[in-house]
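Written out below as structure tokens is the structure these notes cover.
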Amino acid sequence: QVQLVESGGGLVQAGGSLRLSCAASTRTFRSYAMGWFRQAPGKEREFVAVISWNGGSTYGADSVKGRFTISRDNAKNTVYLQMNSLKPEDTAVYYCAASSWIGTAQGLGAKGADGMDYWGKGTLVTVSS
């Protein structure tokens, strides 16, 4: 069982930045691919970005490319989502997820939420206009 705890959400003005963190409680963190998803009010959960188990590849949704960056620190059992140039439409609950997928990040991204095995409870990001 892998427990995931997100942090770093909050209220920010459009054009601002936030960095989300997700701490994993597992000794085998480096064996998991990690991802971020989000769910806006009244909408379905959507894929944001994933990073492979070794950090060798990343893949992001078109809506966040060039603005969001996913990274991981295996020594700290933590995955990050750096969000820049935030827009009101980025407002959502952001969820961290872990996957036993050992392929490329793009391959996992194509699976979306179905490819993830464990989920955090989420952190709210609100972007004001």
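Keep in mind it's a predicted model, so treat the numbers as computed, not measured. Here, residue 1 is the first one in the sequence, and each next residue gets the next number.
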task = State which residue, out of Thr126, Leu18, Leu124, fulfils the side-chain contact (heavy atoms from CB on, under 4.5 Å) condition with Leu11.
result = Thr126
request  = Can you sort out the partners of Ala98 under side chain to side chain contact (heavy atoms under 4.5 Å, CB included), two or more places apart, ordered by chain and number?
outcome  = Leu4, Tyr32, Met34, Tyr118
ask   = Should we say atom CD of Glu89 is surrounded by more than 12 heavy atoms from elsewhere, each under 6.0 Å from it?
value = yes
Whether Ser63 side chain and Ala61 backbone form a donor-acceptor pair below 3.5 Å = no
query = Do Ile70 and Tyr95 belong to the same hydrophobic cluster, where Ile, Leu, Val, Met, Phe, Trp and Tyr are linked whenever their side-chain heavy atoms lie under 4.5 Å apart, directly or via other members?
reply = no
ask   = Are the side chain of Ser25 and the backbone of Gln3 linked by a donor-acceptor contact shorter than 3.5 Å?
value = yes
query = Can you tell if the side chain of Cys96 reaches within under 4.5 Å of the side chain of Val79, non-hydrogen atoms only?
reply = yes
query = Do Val50 and Val2 belong together in a cluster built from hydrophobic side chains that touch within less than 4.5 Å?
reply = no
message = Please determine whether salt bridge (Lys or Arg N to Asp or Glu O under 4.0 Å) holds for the pair Asp114 and Lys111, giving the CA-CA distance in whole Å, both sets of side-chain angles, and the decisive distance to 0.1 Å.
response = CA-CA 6 Å; Asp114 289 343; Lys111 290 181 170 292; over 6 Å; no
key: 4.5 Å side-chain heavy-atom contact, Leu20 and Met83   = yes
ask   = Are Arg67 and Lys87 close enough that some pair of their side-chain heavy atoms sits under 4.5 Å apart?
value = yes
task = Mind listing the closest non-hydrogen atom pair of Glu6 and Gly122 along with its distance?
result = OE1-N, 2.9 Å
message = Would you say that Tyr59 contacts Leu108 through its side chain, given a criterion of any heavy-atom pair below 4.5 Å between the two side chains?
response = no
task = Treat each ILVMFWY residue as a node, draw an edge where side-chain heavy atoms are under 4.5 Å apart, and state whether Val48 and Trp101 are in one component.
result = no
Name every donor-acceptor pair, under 3.5 Å, that has one atom in a side chain of residues 35-43 and the other anywhere in the protein, sequence neighbours excluded.
| unit_1 | atom_1 | unit_2 | atom_2 | d |
| --- | --- | --- | --- | --- |
| Trp36 | NE1 | Tyr80 | O | 3.4 |
| Arg38 | NE | Glu46 | OE2 | 2.6 |
| Arg38 | NH1 | Asp90 | OD1 | 2.9 |
| Arg38 | NH1 | Tyr94 | OH | 2.9 |
| Arg38 | NH2 | Glu46 | OE2 | 3.1 |
| Gln39 | NE2 | Lys43 | O | 3.0 |

query = In Å and rounded to the nearest 0.5 Å, what is the CG to OG distance from Asn54 to Ser31?
reply = 11.5 Å
task = Without swapping roles, check the side chain of Asn77 against the backbone of Arg27 for a donor-acceptor pair under 3.5 Å.
result = no
ask   = If only atom types and distance count, is the side chain of Ser57 paired as donor or acceptor with the main-chain N or O of Thr104 below 3.5 Å?
value = no
task = Flag yes if Phe47 and Trp119 sit in one hydrophobic cluster, no otherwise; membership is Ile, Leu, Val, Met, Phe, Trp, Tyr, and two members link when side-chain heavy atoms are under 4.5 Å apart.
result = yes
ask   = Side chains of Asn84 and Ser17: is there a donor and an acceptor less than 3.5 Å apart?
value = yes
message = Main chain of Ala33, side chain of Ser99: is a donor-acceptor contact present, judged purely on distance under 3.5 Å?
response = no
ask   = Would Phe68 and Val93 show up in the same hydrophobic cluster when neighbours are defined by side-chain heavy atoms closer than 4.5 Å?
value = no
query = If you draw a 6.0 Å radius around NZ in Lys65, do more than 12 non-hydrogen atoms from other residues or ligands fall strictly inside?
reply = yes
request  = With Arg72 as the cation and Trp53 as the aromatic partner, state whether NZ or CZ is under 6.0 Å from the six-membered ring centre and within 45° of the axis.
outcome  = no
